[in-house]
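Encoded as structure tokens, the structure appears first; notes follow it.
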There are 2 protein chains.
Amino acid sequence: MQDYTPAQQRVLDAAAAAFSEHGFGGTSTRDIAVRAGRSPAAVYVHYSSKEDLLFAVSRRGHEAALRAMLDARDTATCPHDRLTAMVHASTLWHLENALLARVVQHEFGALTEPHRSTIAALRRETSQLVVDAIEDGNASGDFDVADHDVTGTARALLSLAIDLVRWFSPDHLDRAEGIANLNVRLAERMVGSRHRPPPRSPSTGR
Amino acid sequence: MQDYTPAQQRVLDAAAAAFSEHGFGGTSTRDIAVRAGRSPAAVYVHYSSKEDLLFAVSRRGHEAALRAMLDARDTATCPHDRLTAMVHASTLWHLENALLARVVQHEFGALTEPHRSTIAALRRETSQLVVDAIEDGNASGDFDVADHDVTGTARALLSLAIDLVRWFSPDHLDRAEGIANLNVRLAERMVGSRHRPPPRSPSTGR
DNA sequence: CTCGGTGATAAGCGAACGCTTAGGTAAGCA
DNA sequence: TGCTTACCTAAGCGTTCGCTTATCACCGAG
């Protein structure tokens, strides 16, 4: 991932917050500048256009989400643990970075080429991680997902985390762990995992 | 639901298409007018503001989605059929009305009071339908959802359909039935349903 | 024929938009 | 001391925005 200078970072953070709250089209570069404590022209010192700024926000978010899943995958040694670790990590990433995640997941349509293709590739890479994990589990006999359901199930598993950004408020970070654990339990059921640890004591939930 | 005159309907449809493609903030009332084949001023003959127009689109969509679920619920006589009918109907509604559904699900944040409260109430009513269905299934012994997981599971079930609008294109309506059936199978697993019909032959899937 | 209602438009208001340009400051280096 | 680099700002351009107003056309009813 590209490194950003402190000045670029400041504008990027301000943009992420503004895009999250108002959407790409409802956000003005003047608003971003005010949030960054800079003049409107300063935005263009670092980014060539408003859409370029969105691309930087989107790419940073996708890369971070992908890394969280890759790191989780690499901690596990069996298909069950691999999948559940990734679901848990993905859910936590989306909840802990809800504002950035909302931009990442909801503003794809505002991107133009070639930025759009770059982000689409990141999304496919992320999806493929889940597909691979399901196939590994099927092969080991741990999971029970029909071949023609693998892609759709992978997509549904990703949606468990992604759709949270529509409503989850960073004010309720105390609920994040509980939601992540619920998603893990739901994921185990969705793939028909035989390898289910003993029931945990109820942590949190709404 | 309120009836709309043909002229109001025309502007409403144009607004739904524009909001779906560009988001509320990225859509201009001039764009809506062009899509409706009218002048910019004509929009204001029927709707008092751009946000009022969004509210009308959003309310119409939420009411239609809610009705689809209510109709599905009322065709069923046991908890399993009730839940699976609702998941199937909700999935189909979101796929068959993907443009409207995208506005409905993603532009809530652009609404202002008291419109926002009206829509929030519709959303709660919709969620409660799923919560009730899970509780009925638990009570009958058909489902196996821990008490503290009911609300979270209901939300996850709704997300199966809702998150589809982020990417689903109306160009692929031929895949709708397959996706709805997959969501039904996933929902059965998520609630731990013991009442599972014999496996169907594979219909469609990606 | 007149009036009222419905629906529509051309033209425009005041404000804001994305972005550019000319000029400035501070720090580091030779 | 002078130059380079990084970062910044005030001011402004041309365009677009949400919305309003004055006026018009058509139709149905009395």
Side-chain angles (χ1 to χ4, degrees), chain A residues 2-60 103 107-116, chain B residues 2-60 103 107-116:
Chain A
Q2 290 81 350
D3 286 333
Y4 292 104
T5 67
Q8 288 175 323
Q9 193 64 50
R10 188 187 189 112
V11 174
L12 212 53
D13 291 343
F19 288 149
S20 173
E21 189 173 338
H22 301 292
F24 177 78
T27 292
S28 67
T29 47
R30 285 169 172 73
D31 181 22
I32 295 172
V34 165
R35 292 175 189 248
R38 290 290 179 273
S39 74
V43 172
Y44 295 91
V45 170
H46 305 292
Y47 300 93
S48 60
S49 68
K50 186 182 168 189
E51 191 266 347
D52 189 43
L53 188 42
L54 174 66
F55 173 58
V57 171
S58 188
R59 185 176 55 187
R60 186 170 82 157
V103 180
E107 301 297 336
F108 178 80
L111 291 168
T112 59
E113 293 298 342
H115 294 156
R116 178 176 290 206
Chain B
Q2 292 80 351
D3 288 332
Y4 292 104
T5 69
Q8 288 175 323
Q9 194 64 51
R10 189 189 189 113
V11 174
L12 213 52
D13 291 342
F19 288 148
S20 173
E21 189 173 338
H22 300 291
F24 177 77
T27 292
S28 66
T29 47
R30 284 167 172 74
D31 180 23
I32 295 170
V34 164
R35 290 174 190 249
R38 290 286 179 276
S39 72
V43 171
Y44 295 90
V45 170
H46 305 290
Y47 301 93
S48 60
S49 68
K50 185 182 169 189
E51 191 265 347
D52 188 43
L53 188 43
L54 173 66
F55 173 57
V57 171
S58 188
R59 184 176 55 189
R60 187 172 80 157
V103 180
E107 300 298 336
F108 178 81
L111 291 169
T112 59
E113 293 299 341
H115 294 156
R116 178 177 290 205

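Atoms considered below: every heavy atom in the structure, side chains included; atoms not considered: hydrogens, waters and symmetry mates. Everything quoted here is computed from the prediction, not taken from an experiment. A, B, ... follow the sequence lines: proteins, then strands. Residue 1 opens every chain.
- Spacing between atom CG of B/L53 and atom P of D/dC17 amounts to 15 Å, rounded to whole angstrom units.
- Proximity of a side-chain donor or acceptor of B/E107 to a complementary backbone N or O of B/L54 within less than 3.5 Å is not detected.
- Rounded to whole Å, the distance from CG on B/D31 to P on D/dC17 is 8 Å.
- Residue contacts shown for B/S39 include a base, since a base heavy atom lies under 4.0 Å away.
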Go through the steps for B/R38 and B/I32 under the test side-chain contact (heavy atoms from CB on, under 4.5 Å), then give the verdict. CA-CA 9 Å; B/R38 290 286 179 276; B/I32 295 170; over 6 Å; no
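- B/R116 places a side-chain N or O within 3.5 Å of a backbone atom of B/L111 that can act as its donor or acceptor partner.
- Distance, B/Q8 CD to C/dA8 P: 10 Å, rounded to whole Å.
- Using a 4.0 Å heavy-atom criterion, one finds that A/R38 contacts the sugar-phosphate atoms exclusively.
- For the pair B/S28 and D/dC17, the criterion of a side-chain N or O lying under 4.0 Å from OP1 or OP2 is met.
- Listed candidates were D/dC7, D/dC17, C/dG7. Nearest to the side chain of B/R30 is D/dC17.
- Under the 30°/60° scheme for interplanar angles, the aromatic rings of A/Y4 and A/Y47 are found to be tilted.
- Checked by atom type and distance alone, the side chain of A/R35 never pairs as donor or acceptor with a backbone atom of A/A15 at under 3.5 Å.
- Using a 4.0 Å cutoff on non-hydrogen atoms, the parts of residues 41-52 of chain A near DNA chain C are A/A41, A/Y44, A/S49, A/K50, ordered by number.
- Nearest heavy-atom pair across A/T112 and A/E51 is N-OE2, 2.8 Å.
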